[in-house]
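Worksheet: the structure to be examined is printed underneath.
First the proteins, then the strands, lettered A, B, ... as listed; each starts at 1.
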Amino acid sequence: MPGGKERELRRRISSVQSTKKITRAMELIAATRVVKAMQRADAARPYARRITSVIENLAASGAEVDHPLLREAADVKRVGFIVMAGDRGLAGAYNTNPIRAAERQIMGHQSEGRDYSLFAVGKKAIAYYKFRHYRVDHSYMGFTDNPAYEDARRIADDVAAAFVAGEIDQVELIYTEFVSMGTQRVSVRRFLPLEDTQVMAEIGSGSAAAISSFEFEPSPEAVLESLLPRYVEARLYGALLDCAASEHANRQRAMKSATDNAEELITKLSREMNAARQAAITTEIMEIVGGAEALGAEVPIDDLTAALAAGAPAVPGDSYAAAAFASTAPTDPHLITET
Amino acid sequence: MFNVEVVSPEAVSYTGEADMVIARTVEGGDIAFQPGHVPFIGSLAVWSVEVVKPDGSRDVFAVHRGFVQVHGNQVTILSDVSEAASDIDVARAQTALDNAEAALASDAVGSEAEAAKARAELRLSVSNLA
């Protein structure tokens with residue numbers, strides 16, 4: 001049936017076109033969000049830096065405390081994993097990368113006889129592990145694309161409580177580090193126990209030794225004690241913000257390539273559709289001429305072109321058909337009658 | 001003169017110059033910093049922080065927990081919960097105080113309610129100071 005294929009293609013094109021509209025909109029939204037997320041990550045940096053600098057100064061003053069968050073377990077029996085992924089998909093490999101990295105870590109620890117405890121952040125991470133029957137001890141969702149400090153605190157409280165209670169002896173943090181717009185990479189880091197304060201100070205800037213002696217109130221130990229939980233929160237918050245920026249950057253990229261693909265597909269389908277329409281028109285002309293020939297009448301070319309102009313849609317492609325027909329018709333009438 | 005910064009995890013919420021900064025540390029009581037103070041780090045009590053500006057006017061903050069670091073002519077208040085006096089909703093703080101007191105009256109145990117009461121009282125006193 002002529003025209004059937006054309007209609008089919010037209011339908012596909014319009015469906016691809018509406019998909020393209022959606023992916024394009026998502027791309028633009030992600031583009032504005034990634035800028036905002038980057039600004040928030042930048043705004044959060046001074047606090048983290050200052051907390052570290054206070055720790056540096058404490059370390060320089062020689063404050064040594066036996067804080068539970070610093071305590072290294074002699075025998076690690078159970079490892080906690082904080083896995084940060086997103087709540088929503090359509091962000092390329094953003095969700096799967098940290099989830100898979102964490103899974104590999106878990107398997108590695110299991111093969112060495114250690115148990116695991118999962119702190120899953122983001123709906124996608126929770127769904128992945130639940131589906132595969134992992135034990136998800138704590139799950140958090142609903143804030144991954146715009147985390148607040150309060151969210152970081154909630155996670156930090158749970159993790160620190162489990163660590164201090166001895167339920168877990170070590171904590172690994174798996175998240176997506178935002179390096180730049182073009183680069184985000186999965187990072188697996190030891191989160192607890194915290195490094196020694198001296199090491200923290202060295203990581204900070206290394207200038208600790210140069211700073212003069214501070215006065216502390218109530219005492220260096222007491223300050224450090226209340227400072228460490230804040231430090232843990234600030235680090236988690238920083239990771240959450242990095243994740244949010246990474247998620248939006250990944251989504252923007254994924255949606256951009258989806259839009260490009262849709263465009264390509266539309267071009268390809270339009271060409272196919274034009275060819276199909278062309279074929280249908282040619283067939284129709286053949287039928288008209290064939291019919292006229294059978295009746296024994298000589299069909300003047302003028303009448304034919306008039307019939308074409310009336311019957312066929314006025315698209316540039318169609319006039320080629322008419323021209324082609326016009327050039328072949330008088331010179332080779334047998335071709336027409338035979339078809 | 002001092003440079004004063006109030007830094008929250010989300011952003012640097014206040015920067016300004018000051019002649020004197022008054023705060024209260026845990027166990028240590030009230031302490032005022034003036035330029036030339038010895039380098040100092042302290043844990044802050046649930047109390048106000050007053051910044052006395054060179055023109056004599058004051059900016060007051062309610063700080064629910066945090067740290068103060070004084071180094072050179074730089075005073076840094078690190079706090080995850082701090083509010084400028086002008087941002088405090090007095091009516092809301094009053095309701096919170098009433099609620100907390102009611103909770104304390106009906107139920108003797110409740111560190112949560114006690115903390116809420118302390119926070120509400122601080123907000124009210126800070127908004128009075130400003």
Side-chain angles (χ1 to χ4, degrees), chain A residues 36 39-61 63 146-154 156-157 207-208 210-241, chain B residues 2-16 21-47 49 61 63-83 111-112 115-116 119:
Chain A
K36 266 193 210 141
Q39 282 167 350
R40 295 194 57 200
D42 281 340
R45 241 157 243 152
Y47 183 81
R49 214 170 24 232
R50 300 243 155 71
I51 286 256
T52 319
S53 103
V54 173
I55 291 176
E56 272 170 39
N57 293 334
L58 277 162
S61 80
N146 198 13
Y149 190 71
E150 204 47 51
D151 302 317
R153 184 182 359 233
R154 238 172 51 228
D157 282 353
S207 63
I211 294 166
S212 52
S213 57
F214 273 77
E215 245 176 44
F216 295 95
E217 221 170 272
S219 66
E221 288 74 22
V223 172
L224 191 60
E225 199 138 312
S226 50
L227 196 63
L228 286 178
R230 301 292 91 73
Y231 177 73
V232 168
E233 285 164 13
R235 267 182 52 174
L236 264 185
Y237 183 57
L240 281 177
L241 288 175
Chain B
F2 268 151
N3 263 322
V4 182
E5 266 184 339
V6 178
V7 187
S8 78
E10 261 123 21
V12 178
S13 53
Y14 175 90
T15 52
V21 177
I22 307 166
R24 176 174 289 191
T25 61
V26 175
E27 290 172 33
D30 280 0
I31 183 163
F33 304 105
Q34 285 191 313
H37 197 281
V38 76
F40 183 90
I41 294 174
S43 302
L44 291 173
V46 178
W47 199 247
V49 169
F61 299 89
V63 174
H64 299 292
R65 64 173 182 189
F67 307 92
V68 60
Q69 174 172 260
V70 182
H71 186 238
N73 64 345
Q74 179 75 35
V75 178
T76 313
I77 312 275
L78 288 167
S79 171
D80 49 350
V81 215
S82 68
E83 301 157 294
S111 58
E112 194 71 14
R119 283 199 300 271

_B:Pro9 vs A:Glu233 side-chain heavy atoms within contact, under 4.5 Å_ = no

*Where does B:Thr76 contact chain A at under 4.5 Å (heavy atoms): side chain, backbone, both or neither?*
side chain

*Kindly give the heavy-atom pair with the smallest separation between B:Ile41 and A:Phe214, and that separation in Å.*
CG1-CD2, 3.5 Å

*asked:* I'd like to check the ring-ring contact (aromatic ring centres under 6.0 Å, His included) partners of A:Tyr237; sequence neighbours left out, ordered by chain and number.
replied: A:Tyr149

*What's the shortest heavy-atom distance between B:Ser43 and A:Ser226, and which atoms?*
OG-OG, 3.3 Å

*By side chain to side chain contact (heavy atoms under 4.5 Å, CB included), which residues pair with B:Ser8, not counting sequence neighbours?*
B:Glu10

_Please give me the minimum heavy-atom distance between B:Gln69 and A:Ser53, naming the atom from each residue._
NE2-OG, 3.4 Å

*Taking the side chain as C-beta and beyond, is there a heavy-atom pair between A:Leu227 and B:Phe67 under 4.5 Å?*
yes

_Please classify the contact of A:Arg230 with chain B as side chain, backbone, both or neither, using a heavy-atom distance under 4.5 Å._
side chain

*asked:* Using 0.5 Å steps for rounding, measure from the CG atom of B:Asp80 to the CD atom of A:Glu150.
replied: 8.5 Å

*asked:* If I measure from the heavy atoms of chain B, does A:Arg153 come under 4.5 Å with its side chain, its backbone, both, or neither?
replied: side chain

*Which atoms of B:Phe40 come close to chain A, meaning under 4.5 Å heavy atom to heavy atom: side chain ones, backbone ones, both, or neither?*
both

_What part of B:Val68 gets within 4.5 angstrom of chain A, counting heavy atoms only: side chain, backbone, both, or neither?_
neither

